[in-house]
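See below for the structure under consideration.
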Amino acid sequence: MSNRKGIIIVVSGFSGAGKGTLMKALIARYPGYALSVSATTRDPRPGEENGREYFFVSNEEFEKLIKENGLIEHAGYVNHYYGTPRKFVEDKLSQGIDVILEIEIQGALQIKEQYPDAVLLFVMPPSAKELEKRLRGRGTETDEVITQRLKRAKEESIGIEKYDYIVVNDDLEECVDRLHQIIGAAHQSPMRNLELIDTIRNELNEL
Ligand code: ADP
Ligand code: 5GP
């Protein structure tokens with residue numbers, strides 16, 4: 001559709017639920033989405049590249065970004081800052097491209113306030129035991145940080161009702177397709193098609 005508007009898709013979920021894996025698989029299968037790269041003060045994990053998974057910055061650099069209004073949202077998560085650079089998101093939306101933000105709940109709620117037509121998706125693991133298994137199996141955090149992240153998951157579970165949709169990440173490929181279908185359906189909602197509604201009303205008045 002030529003006048004299709006880009007929307008923000010927020011993807012949240014407990015650490016270890018599989019958000020990063022899912023987003024990579026989604027973009028690989030459906031390359032039309034733009035995935036926002038966040039800034040963070042945490043250290044890169046083995047295999048992560050500056051500018052690809054995150055922009056890895058110092059505390060001072062992060063605070064400068066906040067001061068210059070360079071972030072559309074930011075939040076603290078287990079001892080570190082995370083935030084979404086403004087320019088990439090605004091550029092893609094203005095080109096009619098959907099932008100995916102893989103961010104935690106405080107940031108998700110800041111986005112919903114600024115962009116009421118954003119779609120908020122929550123990725124769930126099949127069970128809490130499976131979550132712990134995935135988080136430990138990833139092998140990228142110390143036991144202490146894993147414990148903090150599981151504690152944070154408990155807190156985040158209180159906010160799940162604020163999201164528009166839940167997707168259970170059981171079979172990865174099925175989950176990717178469900179995500180794509182939900183985004184497609186969201187584009188068809190009346191609130192995201194106000195111009196189309198206006199046009200048909202005007203046309204009806206002129207009959
Ligand atoms: P998050 O980004 O939510 O913290 P990751 O994408 O890093 O989570 O995934 C955590 C671990 O779980 C990784 O080792 C990943 O390979 C694994 N994983 C992700 N999705 C699935 C899935 N559907 N089934 C089994 N393992 C998965
Ligand atoms: P991780 O350290 O595992 O990559 O990410 C930790 C948490 O921070 C995850 O819940 C992830 O979704 C969230 N996160 C990543 N980038 C951002 C961001 O730009 N803003 C916010 N608010 N959260 C983010």
Side-chain angles (χ1 to χ4, degrees), residues 6-95 97-108 110-111 118 121-123 125 131-146 148-150 152-153 156 167 169 172-173 175-176 179-180 183:
I7 54 180
I8 295 187
I9 321 293
V10 172
V11 177
S12 302
F14 313 130
S15 182
K19 303 176 297 296
T21 308
L22 261 176
M23 291 309 104
K24 278 190 180 149
L26 179 74
I27 305 284
R29 187 170 317 169
Y30 304 104
Y33 295 115
L35 185 58
S36 160
V37 177
S38 298
T40 183
T41 59
R42 83 151 162 76
D43 290 334
R45 293 178 184 139
E48 286 184 335
E49 253 178 48
N50 190 33
R52 190 179 65 191
E53 278 79 11
Y54 283 103
F55 295 105
F56 296 99
V57 299
S58 65
N59 271 314
E60 293 70 33
E61 286 167 325
F62 197 96
E63 278 157 14
K64 189 162 172 260
L65 279 172
I66 298 176
K67 234 187 249 158
E68 291 171 347
N69 200 25
L71 303 173
I72 49 173
E73 63 74 34
H74 67 276
Y77 178 93
V78 186
N79 309 329
H80 291 289
Y81 281 133
Y82 295 79
T84 304
R86 177 180 301 282
K87 190 169 181 324
F88 179 85
V89 175
E90 291 181 346
D91 285 354
K92 295 294 168 189
L93 289 180
S94 71
Q95 292 161 25
I97 296 172
D98 290 344
V99 189
I100 300 181
L101 311 186
E102 194 238 285
I103 63 178
E104 53 69 72
I105 186 164
Q106 302 168 72
Q110 292 174 45
I111 292 293
L121 301 170
F122 198 90
V123 176
L131 177 72
E132 183 177 9
K133 191 172 147 219
R134 287 184 189 173
L135 195 51
R136 291 194 190 283
R138 187 167 69 191
T140 49
E141 273 87 15
T142 60
D143 277 355
E144 191 194 349
V145 172
I146 288 174
Q148 289 172 336
R149 284 180 174 235
L150 289 171
R152 178 67 175 238
E156 288 183 332
V167 273
N169 178 20
L172 187 77
E173 295 305 322
C175 192
V176 163
L179 276 170
H180 181 66
I183 298 167

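All of these numbers come straight from a predicted model, not from anything done at the bench.
- The backbone N or O of Gly76 lies less than 3.5 Å from a partner atom in the side chain of Gln106, making a donor-acceptor pair.
- The shortest distance between side-chain heavy atoms of Asn50 and Pro44 does not fall below 4.5 Å.
- Scored by the ring pair (Phe, Tyr, Trp, His ring centres under 6.0 Å) test, Phe55 finds no partners at all (sequence neighbours excluded).
- Inter-residue side-chain proximity for Ile105 and Phe122 is flagged as unmet; no heavy-atom pair is nearer than 4.5 Å.
- Within 6.0 Å of the CD atom in Gln95, the count of heavy atoms belonging to other residues, nucleotides or ligands exceeds 12.
- Using a 4.0 Å cut-off between charged side-chain N and carboxylate O, Arg42 and Glu48 make a salt bridge.
- Aromatic ring orientation, His74 versus Tyr81: perpendicular (interplanar angle above 60°, classes split at 30° and 60°).
- When atom types are taken as modelled, the side chain of Asn169 and the backbone of Ala17 share a donor-acceptor pair closer than 3.5 angstrom.
- Two residues are said to be in side-chain contact when any heavy atoms from C-beta on lie closer than 4.5 Å; Ile100 and Leu26 meet this criterion.
- Atom CG of Leu71 and atom NZ of Lys64 lie 12.0 Å apart (nearest 0.5 Å).
- Between the side chain of Ser38 and the main chain of Pro85, no donor-acceptor pair closer than 3.5 Å is present.
- We find the CZ-CD1 distance between Arg136 and Ile146 to be 5.0 Å, quoted to the nearest 0.5 Å.
- Partners of Tyr54 by ring pair (Phe, Tyr, Trp, His ring centres under 6.0 Å), not counting sequence neighbours, listed by chain and number: Phe56, Tyr82.
- For Asp91, the side-chain hydrogen bond (donor to acceptor under 3.5 Å, both in side chains) partners two or more places apart in sequence, or in a different chain, are Lys87.
- Ion pairing between a basic and an acidic side chain is recognised when a charged N comes within 4.0 Å of a carboxylate O; Arg152 and Glu104 show such pairing.
- The pair Asp98-Lys92 does not count as a salt bridge, with every side-chain nitrogen at least 4.0 angstrom from each carboxylate oxygen.
- Looking only at side-chain heavy atoms (C-beta outward), Leu131 and Leu150 come within less than 4.5 Å of each other.
- Between the side chain of Thr41 and the main chain of Val57, no donor-acceptor pair closer than 3.5 Å is present.
- Residues Glu156 and Tyr77 meet the side-chain proximity criterion, which asks for heavy atoms closer than 4.5 Å.
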Please walk me through it: do Arg149 and Phe14 pass side chain to side chain contact (heavy atoms under 4.5 Å, CB included)?
-> CA-CA 8 Å; Arg149 284 180 174 235; Phe14 313 130; over 6 Å; no
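- Side-chain contact of Thr140 with Arg138: a donor-acceptor pair under 3.5 Å is present, judged by distance alone.
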